[in-house]
K.L.:
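Handing you a structure now.
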2 protein chains.
Amino acid sequence: MTIDPRSHTPVYVQLADLLRERIEAGELAPGSALPSEARMTQEYGVGREAVRMSISLLRSEGLVNTVRGHGTYVRELPQRRQVEVPPGASVVARMPSGRERRAMQLDEGVPVLEIRDAKGDVEVLAGDEVELTRPA
Amino acid sequence: MTIDPRSHTPVYVQLADLLRERIEAGELAPGSALPSEARMTQEYGVGREAVRMSISLLRSEGLVNTVRGHGTYVRELPQRRQVEVPPGASVVARMPSGRERRAMQLDEGVPVLEIRDAKGDVEVLAGDEVELTRPA
DNA sequence: CGAGATTTGTGCGTATGTATC
DNA sequence: GGATACATACGCACAAATCTC
């Protein structure tokens with residue numbers, strides 16, 4: 001698989017697809033660093049903007065995490081703790097607002113779960129730390 | 001509220017905050033177009049890169065949707081249908097992979113819900129179309 | 001159908017700031 | 001202090017997609 005600048009799918013989407021494959025194949029293991037921006041512009045023959053946008057896309061998918069002045073790393077996903085959905089409750093998944101994300105110290109690309117119980121009380125949980133359950 | 005280039009919070013984050021406020025206030029209604037990149041660079045006195053990064057941020061939050069050669073639009077959120085969590089099931093919220101996003105025709109910034117029932121069968125649902133429920 | 005206007009996508013150059021080693 | 005690398009920000013130019021006339 002390689003990058004075709006004349007394709008109708010944007011270059012940065014193609015590059016993100018390539019990197020995603022390498023991550024999901026385990027070639028880029030959790031905790032390991034992605035190649036630097038400069039390297040990727042050379043290796044893939046694309047512009048810096050394309051590299052940066054592809055990384056931004058992977059961040060929004062929760063796949064990688066960028067540390068300023070250090071590099072971009074494949075995210076290690078925290079173990080999910082089990083949370084029971086209370087009887088009579090409803091749950092909605094959505095992306096956090098910028099304010100919420102900063103307040104809850106969430107990485108980019110991490111959804112939240114909004115649990116509204118029978119009394120109408122609302123609780124917001126980090127979506128990557130939780131596995132909802134309903135007992136049999 | 002205005003943009004301060006000397007602030008420690010990046011210009012594009014400030015701009016995204018401004019636009020988010022205008023969207024949540026209803027000033028930029030669902031389905032309506034945001035000002036073009038060129039307009040915003042003039043109106044807010046910032047560079048195009050800052051404008052594009054702020055829009056990218058809003059996309060990752062599921063607030064807007066960009067169509068090339070046309071514009072960026074405030075997303076119209078579909079009505080959520082209620083889905084009951086089966087007894088003995090577990091649910092995980094995450095961002096879709098690129099492949100999933102295209103297959104399910106999801107906009108950027110839309111999480112998915114992965115429901116694993118008691119038999120181990122897995123179902124993936126668009127997170128913005130669903131409200132999970134557990135009967136009392 | 002084509003022509004032109006508008007808008008986003010891409011690439012590149014440059015500069016400054018900041019974090020890490 | 002210096003080297004490296006990423007973050008932010010501005011500028012310009014052209015390509016490609018879309019719409020209108």
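Below, each value reflects all heavy atoms present in this structure, side chains not excepted, and no hydrogens, waters or symmetry copies. Chain letters run A, B, ... following the sequence lines, proteins first, then strands; residues in each count from 1.
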K.L.:
What residues form a side chain to side chain contact (heavy atoms under 4.5 Å, CB included) with B:E129, not counting sequence neighbours?
P.N.:
B:P78, B:R81, B:A126
K.L.:
Starting the side chain at C-beta, find the nucleotide from D:dA9, C:dG11, C:dT10 nearest to B:P10.
P.N.:
D:dA9
K.L.:
Quick one, which residues of residues 52-61 of chain B touch DNA chain C with a heavy atom under 4.0 Å?
P.N.:
B:R52
K.L.:
In whole Å, I'd like the distance from the NE2 atom of B:H8 to the C1' atom of C:dG17.
P.N.:
12 Å
K.L.:
Under the side chain to side chain contact (heavy atoms under 4.5 Å, CB included) rule, collect the residues that match up with B:S97, sequence neighbours excluded.
P.N.:
A:R20, A:E24, B:R99, B:E100
K.L.:
Report the residues that fulfil side chain to side chain contact (heavy atoms under 4.5 Å, CB included) with B:P87, sequence neighbours left out, ordered by chain and then residue number.
P.N.:
A:R134
K.L.:
Rounded off to whole Å, could you give me the CZ-to-C1' distance for the B:R6 and C:dT16 pair?
P.N.:
16 Å
K.L.:
Given atom CD of B:Q14 and atom C1' of D:dT8, what is their separation to the nearest angstrom?
P.N.:
12 Å
K.L.:
Give me the distances for all protein-to-nucleotides 11-14 of chain D N/O pairs that come in under 3.5 Å?
P.N.:
from, atom 1, to, atom 2, distance (Å)
D:dA13, N6, B:R48, NH1, 3.2

K.L.:
I'd like to check B:S54 versus B:V13 (side-chain heavy atoms, cut-off strictly below 4.5 Å). Are they in contact?
P.N.:
no
K.L.:
Can you list, in residue-number order, the parts of residues 63-77 of chain B that come under 4.0 Å of DNA chain C, counting heavy atoms only?
P.N.:
B:T66, B:V67, B:R68, B:G69, B:H70, B:G71, B:T72
K.L.:
Under the salt bridge (Lys or Arg N to Asp or Glu O under 4.0 Å) rule, collect the residues that match up with B:E76, sequence neighbours excluded.
P.N.:
none
K.L.:
Per the salt bridge (charged side-chain N to carboxylate O under 4.0 Å, His left out) rule, what does the pair list look like for residues 109-126 of chain B, sequence neighbours excluded?
P.N.:
B:R94-B:E114
K.L.:
If only atom types and distance count, is the side chain of B:T41 paired as donor or acceptor with the main-chain N or O of B:A38 below 3.5 Å?
P.N.:
yes
K.L.:
Hey, can you pull the residues of residues 32-44 of chain B with a non-hydrogen atom under 4.0 angstrom from DNA chain C?
P.N.:
B:S36, B:E37
K.L.:
Would you mind reporting whether B:P111 and A:M95 have side-chain heavy atoms less than 4.5 Å apart?
P.N.:
yes
K.L.:
Please tell me if the side chains of A:L113 and B:L113 come closer than 4.5 Å, counting only heavy atoms from C-beta onward.
P.N.:
yes
K.L.:
Between side-chain atoms of residues 44-52 of chain B and protein atoms elsewhere (two or more places apart, or another chain), which donor-acceptor pairs fall under 3.5 Å?
P.N.:
from, atom 1, to, atom 2, distance (Å)
B:Y44, OH, B:R22, NH1, 2.8
B:R48, NE, B:E37, OE1, 2.6
B:R48, NH2, B:E37, OE1, 2.9
B:R52, NH1, B:E37, OE2, 2.8

K.L.:
Quick one: do B:D17 and A:R101 make a salt bridge, cutoff under 4.0 Å?
P.N.:
no
K.L.:
Residues two or more places apart in sequence or in another chain: which of them pass side chain to side chain contact (heavy atoms under 4.5 Å, CB included) with B:T72?
P.N.:
B:L34, B:I55, B:V64, B:T66
K.L.:
Please determine if a side-chain N or O atom of B:Y12 lies less than 4.0 Å away from the OP1 or OP2 oxygen of D:dT8.
P.N.:
yes
K.L.:
Among residues at least two apart in sequence or on other chains, which ones pass salt bridge (Lys or Arg N to Asp or Glu O under 4.0 Å) with B:R80?
P.N.:
none
